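Since the structure is predicted, the reported quantities are computational estimates derived from the model, not experimental observations.
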Amino acid sequence: MRELVAEVSTVRSTVIATAVEVRAIGRDLGEAEIIAHAHHFLINDDGSVEDLGTPPDTPADQAESVDEDRQRRIRPDLVERVKRILERADDADGELAKVLRDADKDLIDTRGAHNLADAAKLGDARGLGETIEPPAGGTPAQHADWWKSLPAETRSALATAPPPWLGNMDGIPAAVRHTANVNRIDDERASLQAQATQLQRAVDKPRGGPGADLVRSRYERQLEQVQGKLTSLDNVEKVMGQGNRQLLVLDTSGERTKAAVGIGDVDTAKHVSVFTPGMDSSVEHGSLRDYDRSMTQLQHEAERQSLRYGDGGEVSTVTWLGYEAPQLSETMEPSDSVARSSAAERGSEDLADFYRGINESRPDDPHLVAMGHSYGSTTTGYALQEEGTGVDAAVTMGSPGLGTGPLEQLNVPDDRTYNLESDWDPVAELGRFGGDPGMQPGVDNLSTSESTAPDGRELKASTGHNTGGPTGYLNPGTTSQYNAGVIAAGLPDRAVDAWF
């Protein structure tokens with residue numbers, strides 16, 4: 001019964017939405033036909049625009065100028081109108097056909113429906129998800145405006161069972177993105193497993209003659225890539241299984257899986273920090289789990305500081321692996337090498353939109369902190385050169401450079417850019433991408449040495465380049481982690497400065 005109710009509800013809501021769309025298409029077509037008739041054109045059944053010649057009531061001395069206007073302005077406008085009408089009609093037809101096929105084949109998912117009322121809501125949301133579309137190629141602000149413009153009952157239905165495409169849409173509330181992405185995991189796994197099976201057959205297929213080994217090797221590389229993505233989904237689920245997490249990005253479309261996981265509630269936390277890791281980080285190799293552990297510890301430190309000395313606001317931390325960070329194995333590849341800024345520049349656009357999306361999706365303005373380690377700090381630096389990210393402070397750790405010379409190119413409030421550089425960190429000395437941040441005027445260098453915190457706590461030194469481990473930048477009890485925590489909590493006056 002749940003399956004049947006979900007199917008009927010899905011078809012019902014889709015048919016209603018399609019009927020509304022068809023009426024709108026009819027109005028547009030009627031308007032186009034009125035214009036065509038007035039200027040002596042005919043819109044044929046196949047969508048072509050036929051010229052019937054100069055309108056018969058045109059004075060002879062005006063015929064030439066009228067025909068010139070008809071061909072230069074009227075006809076192109078009609079052609080474009082008809083093109084848009086046909087595209088809308090095709091979309092409406094395709095959306096309805098897909099729902100009808102899925103219902104006919106019993107493919108309407110009832111997961112999460114505990115009773116018939118739940119099944120009806122899921123069906124309504126599924127139908128809405130097939131027929132309601134956001135602005136094509138929209139910005140985070142446009143996505144947010146579109147979401148807010150929807151009727152309350154529509155937003156509620158979509159939040160209950162969001163369509164997959166909402167999961168990676170910057171500007172949509174984090175809770176909705178989380179539900180959409182978590183619901184996608186099983187479908188992504190099934191699709192990848194099907195690809196793996198097909199590629200394994202291609203690998204196992206007997207081949208002879210010249211080039212056989214090259215062909216097999218190509219299929220083996222593709223199979224290894226797909227298997228890595230399957231492993232990444234397992235790792236994502238392990239992280240999400242710890243609870244109090246939000247899956248804000250899940251993208252298996254590239255060479256490696258991209259993901260972002262928030263701890264706490266990104267929609268309501270007063271303080272949100274987004275951490276971008278660097279070289280050799282990847283979801284499939286376990287980096288997400290390692291950084292998630294560090295972000296959990298940082299969140300605890302920041303909330304402790306907020307409760308004792310700040311505004312008492314909740315803190316949310318995000319591990320953003322939404323770009324394909326350079327891998328050690330890619331060092332010799334020009335487009336992906338850690339020695340070049342290409343990967344950072346590519347990733348920075350998505351990172352900047354992620355920052356914007358957090359701000360745009362909320363009714364209030366959170367205290368947003370951008371954090372980056374190693375090559376991730378370079379990606380962060382490029383992202384902060386874009387306008388309107390809404391970032392209130394930036395923290396770099398072991399940074400080879402921010403991709404900029406003058407600090408003024410970063411869109412961060414004055415005196416709110418902080419740098420952490422541990423002893424014996426060779427990467428932080430490179431200055432490969434725009435110079436050593438620690439040497440740039442306007443950057444506040446925070447201590448990574450043994451120190452005493454303002455509350456009297458004795459803090460350890462961090463050494464080397466890692467974030468984890470006993471001496472890493474984000475290891476609890478270090479001056480470095482303490483400093484990152486107070487910045488995350490909006491308490492820069494409690495930071496321990498470095499003394500050179």
- Message: Counting C-beta onward and ignoring hydrogens, is there a side-chain heavy-atom pair between Leu368 and Asn359 closer than 4.5 Å?
- Response: yes
- Query: Does the pair Asp290/Arg293 count as a salt bridge with the N-to-O cut at 4.0 Å?
  - Reply: yes
- Message: Can you tell me how far apart CG (Asp267) and CG (Asp364) are? Round to the nearest 0.5 Å.
- Response: 9.5 Å
- Task: List in chain and number order the residues that pass side-chain contact (heavy atoms from CB on, under 4.5 Å) with Glu450, two or more places apart in sequence or in another chain; answer none if no residue qualifies.
- Result: Ala461
- Query: Who are the side-chain contact (heavy atoms from CB on, under 4.5 Å) partners of Arg216, not counting sequence neighbours?
  - Reply: Val203, Arg207, Asp213, Glu220
- Query: Can you name the nearest heavy-atom pair linking Val272 to Arg362, along with the distance?
  - Reply: CG2-NH1, 3.9 Å
- Message: Looking at every heavy atom in both Tyr482 and Pro454, which two are closest together, and how far apart are they?
- Response: OH-CD, 3.1 Å
- For Arg155 and Ser149, what are the C-alpha separation, side-chain angles and deciding distance, and is it a side chain to side chain donor-acceptor pair (under 3.5 Å)? CA-CA 9 Å; Arg155 290 198 305 272; Ser149 72; over 6 Å; no
- Note on the structure: Rounded to the nearest 0.5 angstrom, the CD-CG distance for Gln242 and Asp292 is 5.0 Å
- Report the C-alpha distance between Tyr323 and Phe354 in whole Å, list the side-chain angles of each, state the deciding distance to 0.1 Å, and finish with yes or no for side chain to side chain contact (heavy atoms under 4.5 Å, CB included). CA-CA 11 Å; Tyr323 79 124; Phe354 188 79; over 6 Å; no
- Listed once per pair and sorted, the salt bridge (Lys or Arg N to Asp or Glu O under 4.0 Å) pairs that draw on residues 380-399, sequence neighbours left out: Arg356-Glu386
- Query: side-chain contact (heavy atoms from CB on, under 4.5 Å) with Pro476: which residues, sequence neighbours excluded?
  - Reply: Gln297, Gln481
- Please list all pairs passing the salt bridge (Lys or Arg N to Asp or Glu O under 4.0 Å) test where one or both residues lie in residues 417-427, with sequence neighbours left out. none
- Task: Quick one: pull up CH2 in Trp146 and OG1 in Thr139 and give me the separation to the nearest 0.5 Å.
- Result: 13.5 Å
- Under the salt bridge (Lys or Arg N to Asp or Glu O under 4.0 Å) rule, what pairs show up with a residue in residues 470-492, not counting sequence neighbours? none
- Message: Quick test of your reading: applying ring pair (Phe, Tyr, Trp, His ring centres under 6.0 Å), list the pairs with at least one residue in residues 286-312, sequence neighbours left out, ordered by first then second residue.
- Response: Phe275-Tyr291
- Task: Give a yes-or-no answer on whether the side chains of Ser462 and Thr478 include a donor-acceptor pair shorter than 3.5 Å.
- Result: no
- Can you check salt bridge (charged side-chain N to carboxylate O under 4.0 Å, His left out) on Lys229 and Glu284, steps first, answer last? CA-CA 6 Å; Lys229 292 179 181 179; Glu284 50 260 53; over 6 Å; no
- Note on the structure: Residues Ile358 and Pro366: closest non-hydrogen pair is CG2-CG, 4.3 Å
- Message: Walk me through whether Glu458 and Thr452 qualify under side chain to side chain donor-acceptor pair (under 3.5 Å).
- Response: CA-CA 5 Å; Glu458 295 300 321; Thr452 302; 3.0 Å; yes
- CG of Asp91 to CZ of Arg88: how many Å apart, nearest 0.5 Å? 9.5 Å
- Task: For atom CH2 of Trp424, decide whether the heavy atoms of other residues, nucleotides or ligands shown that lie under 6.0 angstrom number more than 12.
- Result: no
- Query: Any side-chain donor-acceptor pair under 3.5 Å between Thr257 and Thr252?
  - Reply: no
- Message: For residues 295-304, which residue pairs pass the salt bridge (Lys or Arg N to Asp or Glu O under 4.0 Å) check, not counting sequence neighbours?
- Response: Glu301-Arg304, Glu301-Arg457, Arg304-Asp455
- Task: List in chain and number order the residues that pass side-chain contact (heavy atoms from CB on, under 4.5 Å) with Glu408, two or more places apart in sequence or in another chain; answer none if no residue qualifies.
- Result: Pro406
- Any residue meeting ring-ring contact (aromatic ring centres under 6.0 Å, His included) with His271, in chain and number order, not counting sequence neighbours: His367
- Message: Looking at Asp415, is its backbone amide N or carbonyl O close enough to the side chain of Tyr418 to form a donor-acceptor pair, meaning the two atoms are under 3.5 Å apart?
- Response: yes
- Hey, which of Thr417, Leu420, Leu446, Asn483 is the one that makes side-chain contact (heavy atoms from CB on, under 4.5 Å) with Val395? Leu420
- Test side chain to side chain contact (heavy atoms under 4.5 Å, CB included) applied to Ser306 and Asp311, step by step: CA-CA 6 Å; Ser306 176; Asp311 55 22; 3.3 Å; yes
- I would like to know whether Thr380 and Thr396 meet side chain to side chain contact (heavy atoms under 4.5 Å, CB included); could you show each step before the answer? CA-CA 8 Å; Thr380 301; Thr396 59; 5.7 Å; no
Tabulate below the donor-acceptor pairs under 3.5 Å that side-chain atoms of residues 189-199 make, not counting sequence neighbours, or state none.
unit_1 : atom_1 : unit_2 : atom_2 : d
Arg189 : NH2    : Asp234 : OD1    : 3.1
Arg189 : NH2    : Glu237 : OE1    : 2.9
Thr197 : OG1    : Gln193 : O      : 3.0

- Item | Donor on one side chain, acceptor on other, Asn419 and Asn445, under 3.5 Å | yes
- Does a donor on one side chain sit under 3.5 Å from an acceptor on the other, for Thr448 and Thr479? no
- Stepwise side chain to side chain donor-acceptor pair (under 3.5 Å) test for Ser217 and Arg221: CA-CA 6 Å; Ser217 177; Arg221 287 196 300 272; 3.0 Å; yes
- Item | Spacing of His143 atom NE2 and Met169 atom CE [to the nearest 0.5 Å] | 4.5 Å
- Tyr355 and Ala370 have their tightest heavy-atom pair at OH-CB, 3.2 Å
- Message: Is there a side chain to side chain contact (heavy atoms under 4.5 Å, CB included) between His178 and Val182? Walk through the geometry before answering.
- Response: CA-CA 6 Å; His178 164 74; Val182 168; 3.4 Å; yes
- Task: Answer with yes or no whether the side chains of Gln409 and Thr404 bring together a donor and an acceptor at under 3.5 Å.
- Result: yes
- Could you tell me whether the side chain of Ser451 and the main chain of Ser447 form a donor-acceptor pair under 3.5 Å? no
- Query: Got a sec, which pairs hit ring pair (Phe, Tyr, Trp, His ring centres under 6.0 Å) with one end in residues 446-469, sequence neighbours left out?
  - Reply: His373-His465
- Task: Start with the C-alpha gap between Arg416 and Asp444, add the side-chain angles, then the distance that decides, and say whether salt bridge (charged side-chain N to carboxylate O under 4.0 Å, His left out) holds.
- Result: CA-CA 8 Å; Arg416 289 295 181 265; Asp444 189 351; over 6 Å; no
- Shortest non-hydrogen separation from Lys258 to Glu324 and the atoms involved: NZ-OE2, 3.4 Å
- Item | Approximate separation, where rounding is to 0.5 Å, of Leu351 CG and Glu349 CD | 11.0 Å
- Message: Which residue is it: Leu288, Thr276, Val239? I am looking for the one with a side-chain contact (heavy atoms from CB on, under 4.5 Å) to Thr319.
- Response: Leu288
- Non-hydrogen atoms of Val176 and Ala159 that approach each other most closely: CG2-CB, 4.0 Å
